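Since the structure comes first, as structure tokens, the remarks are kept for the end.
Within every chain, numbering begins at 1; the chains are lettered A, B, ... in the order of the sequence lines, protein sequences first and strands thereafter. Note that this is a predicted model, so its numbers are computed, not measured.
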2 protein chains.
Amino acid sequence: MDQVEIFKALSNKTRLQILEWLKQPAQNFPEQPDGFKDGVCVGQIQQKAGLTQSTISEYLSTLQRVGLVIVTRKGQWTYYKRNEKTFAELSNLIKATL
Amino acid sequence: MDQVEIFKALSNKTRLQILEWLKQPAQNFPEQPDGFKDGVCVGQIQQKAGLTQSTISEYLSTLQRVGLVIVTRKGQWTYYKRNEKTFAELSNLIKATL
DNA sequence: AATATATATCGGCTTTTCTCGATATCCCAA
DNA sequence: TTGGGATATCGAGAAAAGCCGATATATATT
């Protein structure tokens with residue numbers, strides 16, 4: 001868990017936004033028909049964020065690299081969901097170390 | 001409390017370091033003779049960090065701008081100390097919002 | 001008033017981040 | 001096996017951040 005890298009990942013309005021959206025997938029992504037077991041696919045997130053596909057893809061990969069989200073490939077789709085374990089660790093770290 | 005700006009301020013090894021040092025001023029800044037009521041002065045921090053005076057001055061001003069430290073001018077010295085209130089808020093925010 | 005010390009600000013150079021369009025890859029369906 | 005849709009990667013230009021040296025400002029001392 002690299003503190004600096006995590007804070008960098010959180011230093012962007014859109015990435016923070018995505019993480020919040022992923023807290024309530026059903027509410028925030030009504031277009032996605034299937035359940036949200038594995039999270040939300042890139043296209044849905046991209047559409048809601050209003051940035052280009054490549055940008056969102058890179059943002060999600062950034063979040064995944066620092067462990068804030070978990071990725072699941074399924075056919076031609078890639079689903080992203082929050083990794084709550086990392087959020088809990090971060091909260092503890094801020095309380096303890098910071 | 002601007003989340004993005006706070007995370008930006010925390011996205012730097014040296015600034016994180018400074019915040020940790022300021023948790024235990026007496027241990028980390030034995031050179032400073034007087035009490036630590038108002039914190040530690042810029043020169044002490046600069047010396048320990050090993051970056052230039054201008055860089056450290058700017059870093060401290062960044063931390064102050066987002067409310068992570070409190071500044072007190074006293075004569076020709078400027079003392080910086082942690083603003084624990086903001087840290088507590090941040091920890092809560094991460095637990096609640098993030 | 002002149003000087004010395006502590007800190008802040010400015011200008012600049014280098015590296016990183018933001019964001020895009022274009023292209024490549026991967027997977028499914030006909 | 002060819003085409004189409006979803007995602008990833010690449011290359012690039014603009015903006016921001018990381019640092020520095022030089023200079024300005026403020027305060028204290030003589």
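Atoms CD1 (A:Ile56) and C1' (D:dA6) sit 15 Å apart, rounded to a whole Å. Atom CD1 of A:Ile45 and atom P of D:dT7 are 9 Å apart (whole Å). Atom CG in A:Asp38 sits roughly 13 Å away from atom P in D:dT7 (whole-Å rounding). The CH2-C1' distance, from B:Trp77 to D:dA26, rounds to 13 Å in whole Å. Nucleotide C:dC18 holds its P atom 15 Å from the CD atom of A:Gln17, rounded to whole Å. A:Arg73 places its CZ atom 9 Å from the C1' atom of C:dT25, with the value rounded to the nearest Å. Rounded to whole Å, atom C1' of C:dT19 lies 15 Å from atom CG of A:Leu60.
Judged by distance alone with a 3.5 Å cut-off, a donor-acceptor contact links the side chain of B:Gln53 to the base of C:dA8.
Closest contact between the side chain of A:Lys8 and the listed nucleotides D:dT7, D:dC19, C:dT16 involves C:dT16. Considering only the side chain of B:Tyr59, D:dC19 comes nearest among D:dA17, D:dT7, D:dC19. Relative to the side chain of B:Leu51, the nucleotides C:dG21, D:dT27, D:dC20 differ in distance, and D:dC20 lies closest. Set against D:dT7, C:dA8, C:dC27, the side chain of A:Gln76 has C:dC27 as its closest nucleotide. Side-chain proximity of B:Ser54 to D:dC20, C:dT19, D:dG18: nearest is D:dC20.
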Test side chain to side chain contact (heavy atoms under 4.5 Å, CB included) applied to A:Phe7 and B:Ile6, step by step: CA-CA 9 Å; A:Phe7 287 135; B:Ile6 287 197; over 6 Å; no

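Legend: residues meeting side chain to side chain donor-acceptor pair (under 3.5 Å) with A:Ser91, ordered by chain and number and at least two apart, are absent.
Each of B:Glu58 and A:Asn12 lies near DNA chain C, and the nucleotide nearest B:Glu58 is the one positioned closer to the 5' end.
Taking side-chain N and O atoms only, A:Ser57 has a distance below 4.0 Å to OP1 or OP2 of D:dA8.
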